[in-house]
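To keep things clear, I will list the structure first and then write my remarks on it.
Labels below follow one simple rule: chain letters A, B, ... track the order of the sequence lines, proteins then strands, and each chain is numbered from 1.
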Protein chains: 2
Amino acid sequence: MEMSPMIESFVFHFGEMGSRWGFNRTVGQMYALMVVSDKPLNANQMAQALNISRGNVSMGIKELHSWQLIQQHHIPGDRKDYFSPKGDIWDMANTVFEERRKREVDPTLSLLRDILLDAPADDSEAYAQDKMREIHDLLETGTQWVGELQRMNPDNLSTLMKLGAGVAKVMDFKEQLLSSTEGKSDKRDR
Amino acid sequence: MEMSPMIESFVFHFGEMGSRWGFNRTVGQMYALMVVSDKPLNANQMAQALNISRGNVSMGIKELHSWQLIQQHHIPGDRKDYFSPKGDIWDMANTVFEERRKREVDPTLSLLRDILLDAPADDSEAYAQDKMREIHDLLETGTQWVGELQRMNPDNLSTLMKLGAGVAKVMDFKEQLLSSTEGKSDKRDR
DNA sequence: TTTAACTTTCAGAAAATTCTGAAACTTCAA
DNA sequence: TTGAAGTTTCAGAATTTTCTGAAAGTTAAA
């Protein structure tokens with residue numbers, strides 16, 4: 001099994017980029033290859049196409065499994081395991097965000113929360129805590145928001161995306177109708 | 001200049017996480033240190049606090065400059081350069097997103113666009129192109145949207161965030177009032 | 001059971017990244 | 001100009017990450 005130049009350029013590029021997204025080059029290549037393959041692939045095919053060792057492929061599969069990005073198939077009469085991406089591209093994006101949040105943001109939030117429980121020993125610690133609180137609040141608001149977007153049904157999300165900055169207009173609109181039921185707008189302090 | 005345990009744990013953690021955000025451990029530590037310092041720091045102070053070489057600090061400063069994350073100060077009567085984070089935490093988040101987009105998403109979009117110009121040679125290339133088109137469209141919509149959010153004024157953005165999933169309700173609300181002026185909703189195909 | 005087909009593991013090799021520190025460079029006050 | 005105070009550069013050392021391939025492990029048909 002060998003890749004056409006078109007597929008090759010995609011796979012290699014994805015390998016480089018993939019490393020930025022939390023997995024290494026070969027794992028990125030493996031995933032890219034599965035995405036553009038119209039049928040599930042077995043480990044040997046991947047090793048051959050990407051010119052990497054069989055052992056490396058095995059590690060990569062394990063990693064992609066832990067990211068919940070792939071799916072295993074059993075083809076009757078064939079003892080090899082076949083793999084394909086799980087879900088569609090949208091699901092992939094969701095999964096990657098989700099996993100990254102678990103690995104990167106959650107531990108940071110937890111550390112910040114712990115630190116913020118301690119009373120500051122002096123002015124410089126008080127200053128530091130203020131900054132940490134800002135970061136904490138930003139991360140918390142951000143993750144909550146992303147979580148809500150992810151839980152939103154795809155239709156509404158799509159509308160929202162297409163709406164883009166127009167969302168501001170809708171909100172103004174709402175505010176006009178419902179104005180003066182709430183306190184004055186709370187500005188972000190800068 | 002030495003760090004209190006509180007600041008140290010923040011700085012070290014940020015160093016580990018920072019490496020996920022596109023810069024290496026020491027660069028992350030340097031930035032974290034500047035964020036929690038109530039006054040600008042010079043290169044020697046950073047080298048001492050973080051216990052790294054002076055040369056390494058110089059590289060780090062260069063890197064943070066290229067990310068537009070820091071600001072240089074000249075203190076009269078002192079020939080050293082002093083550094084502090086540029087803007088507030090919110091600006092930092094914006095800058096990091098922006099820079100990452102430039103470095104990661106833009107090149108991918110450009111590659112995908114190029115590939116999609118070529119006619120597929122066979123069925124399997126046609127399948128691959130379909131998938132690439134999906135990825136292309138997702139990235140494009142996503143970046144456009146993020147761009148618009150970034151261009152939105154902070155007040156509205158804050159309202160939008162606080163609104164969270166409630167945004168769906170506002171949209172429904174709008175739709176009820178303005179319904180039947182546009183075509184039927186376009187679902188995401190899955 | 002046996003055994004052939006296949007998968008996983010992991011120690012060490014290879015590669016990539018990061019870091020150090022000495023030397024080169026820059027700047028400015030005297 | 002000179003030289004002291006500072007900064008940057010970069011070759012090679014140190015460290016970290018990734019990859020290989022042989023050996024151990026698993027599975028299922030016969």
Side-chain angles (χ1 to χ4, degrees), chain A residues 1 11-34 40-67 70-84 103-104, chain B residues 1 11-34 40-67 70-84 103-104:
Chain A
M1 162 149 187
V11 165
F12 286 175
H13 178 90
F14 211 91
E16 300 313 321
M17 285 308 151
S19 70
R20 309 242 164 201
W21 284 91
F23 29 76
N24 68 34
R25 189 153 36 84
T26 41
V27 173
Q29 290 177 353
M30 285 171 56
Y31 186 68
L33 186 62
M34 288 188 258
L41 301 174
N42 66 44
N44 289 325
Q45 292 173 315
M46 294 189 239
Q48 198 197 340
L50 302 174
N51 195 26
I52 58 180
S53 75
R54 185 60 188 69
N56 200 356
V57 171
S58 186
M59 305 285 248
I61 287 170
K62 203 170 142 194
E63 174 86 2
L64 287 168
H65 248 134
S66 88
W67 279 79
I70 55 172
Q71 187 168 22
Q72 196 159 344
H73 303 262
H74 283 281
I75 293 183
D78 189 340
R79 288 184 54 186
K80 296 190 200 66
D81 292 333
Y82 287 78
F83 302 90
S84 67
R103 290 161 199 231
E104 296 165 27
Chain B
M1 169 162 176
V11 166
F12 286 175
H13 178 90
F14 211 90
E16 300 311 322
M17 285 308 151
S19 70
R20 309 241 163 202
W21 283 91
F23 29 76
N24 68 34
R25 188 154 36 83
T26 41
V27 173
Q29 291 177 353
M30 286 171 55
Y31 187 68
L33 186 62
M34 289 187 256
L41 301 175
N42 66 41
N44 289 325
Q45 292 173 316
M46 294 190 239
Q48 200 197 340
L50 301 174
N51 195 26
I52 59 180
S53 76
R54 185 59 189 68
N56 201 356
V57 171
S58 185
M59 305 285 248
I61 287 170
K62 204 169 141 195
E63 173 87 1
L64 287 168
H65 248 134
S66 87
W67 278 80
I70 55 172
Q71 187 167 23
Q72 198 159 343
H73 303 261
H74 283 281
I75 294 183
D78 189 339
R79 288 183 54 187
K80 295 192 202 65
D81 291 333
Y82 287 78
F83 302 90
S84 68
R103 290 160 199 233
E104 297 165 26

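One atom, CD1 of I75(A), and another, C1' of dA28(D), lie 17 Å apart when rounded to the nearest Å. Straight-line distance from the CD1 atom of I52(A) to the P atom of dT8(C): 14 Å, rounded to whole Å. The separation between H74(A) atom NE2 and dT27(D) atom P is 10 Å, rounded to whole Å. Computed from coordinates, the H73(B) NE2 to dG6(D) C1' distance equals 18 Å when rounded to whole Å. In this structure, L50(A) places its CG atom 16 Å from P of dT18(D), rounding to the nearest Å. Distance CZ (F23(A)) to C1' (dC19(D)): 18 Å, rounded to an integer number of Å. Separating the CG atom of N56(B) from the P atom of dT7(D) is a distance of 15 Å, rounded to the nearest angstrom. Following rounding to the nearest Å, Q45(A) (CD) and dT7(C) (C1') show an atom-to-atom distance of 15 Å.
Dashed line: the shortest gap from a side-chain N or O of R79(B) to OP1 or OP2 of dA4(D) is not under 4.0 Å. The side chain of K62(A) places an N or O atom within less than 4.0 Å of a non-bridging phosphate oxygen (OP1 or OP2) of dT9(C). The side chain of N24(B) contributes an N or O atom lying less than 4.0 Å from OP1 or OP2 of dC19(C). Taking 4.0 angstrom as the limit, T26(B) places none of its side-chain polar atoms (N or O) nearer than this to OP1 or OP2 of dT18(C).
For A43(A), the listed nucleotide lying nearest its side chain is dT7(C); candidates were dC19(C), dT20(C), dT7(C). Taking every side-chain heavy atom of S58(B) into account, dT9(D) is the closest of dT9(C), dC19(C), dT9(D). Distances were taken from every side-chain heavy atom of R54(A) (C-beta onward) to each of dT7(C), dC10(C), dT7(D); the shortest belongs to dT7(C). Residue M59(A) places its side chain closer to dC10(C) than to any other of dG21(C), dG6(D), dC10(C).
Side-chain N or O atoms of Q48(B) include none that pairs as donor or acceptor with a backbone N or O of Q45(B) at under 3.5 Å.
In this structure, the separation between CD1 on I52(B) and CE on M30(B) is 6.0 Å, given to the nearest 0.5 Å. The CZ atom of F14(B) sits 9.5 Å away from the CH2 atom of W21(B) when rounded to the nearest 0.5 Å. One finds the CD atom of E63(A) at 7.0 Å from the CG atom of N24(A) (value rounded to the nearest 0.5 Å).
At a threshold of 4.0 angstrom between heavy atoms, the contacts of I61(A) with the nucleic acid are absent. Backbone-only engagement by D81(B) is indicated by non-hydrogen atom pairs under 4.0 Å involving sugar-phosphate atoms exclusively.
Nucleotides of DNA chain C nearest to R25(B) and D78(A) differ in position, and the one nearer the 5' end is that of D78(A).
Partners of R103(A) under the salt bridge (charged side-chain N to carboxylate O under 4.0 Å, His left out) rule, at least two apart in sequence or in another chain, are E99(A).
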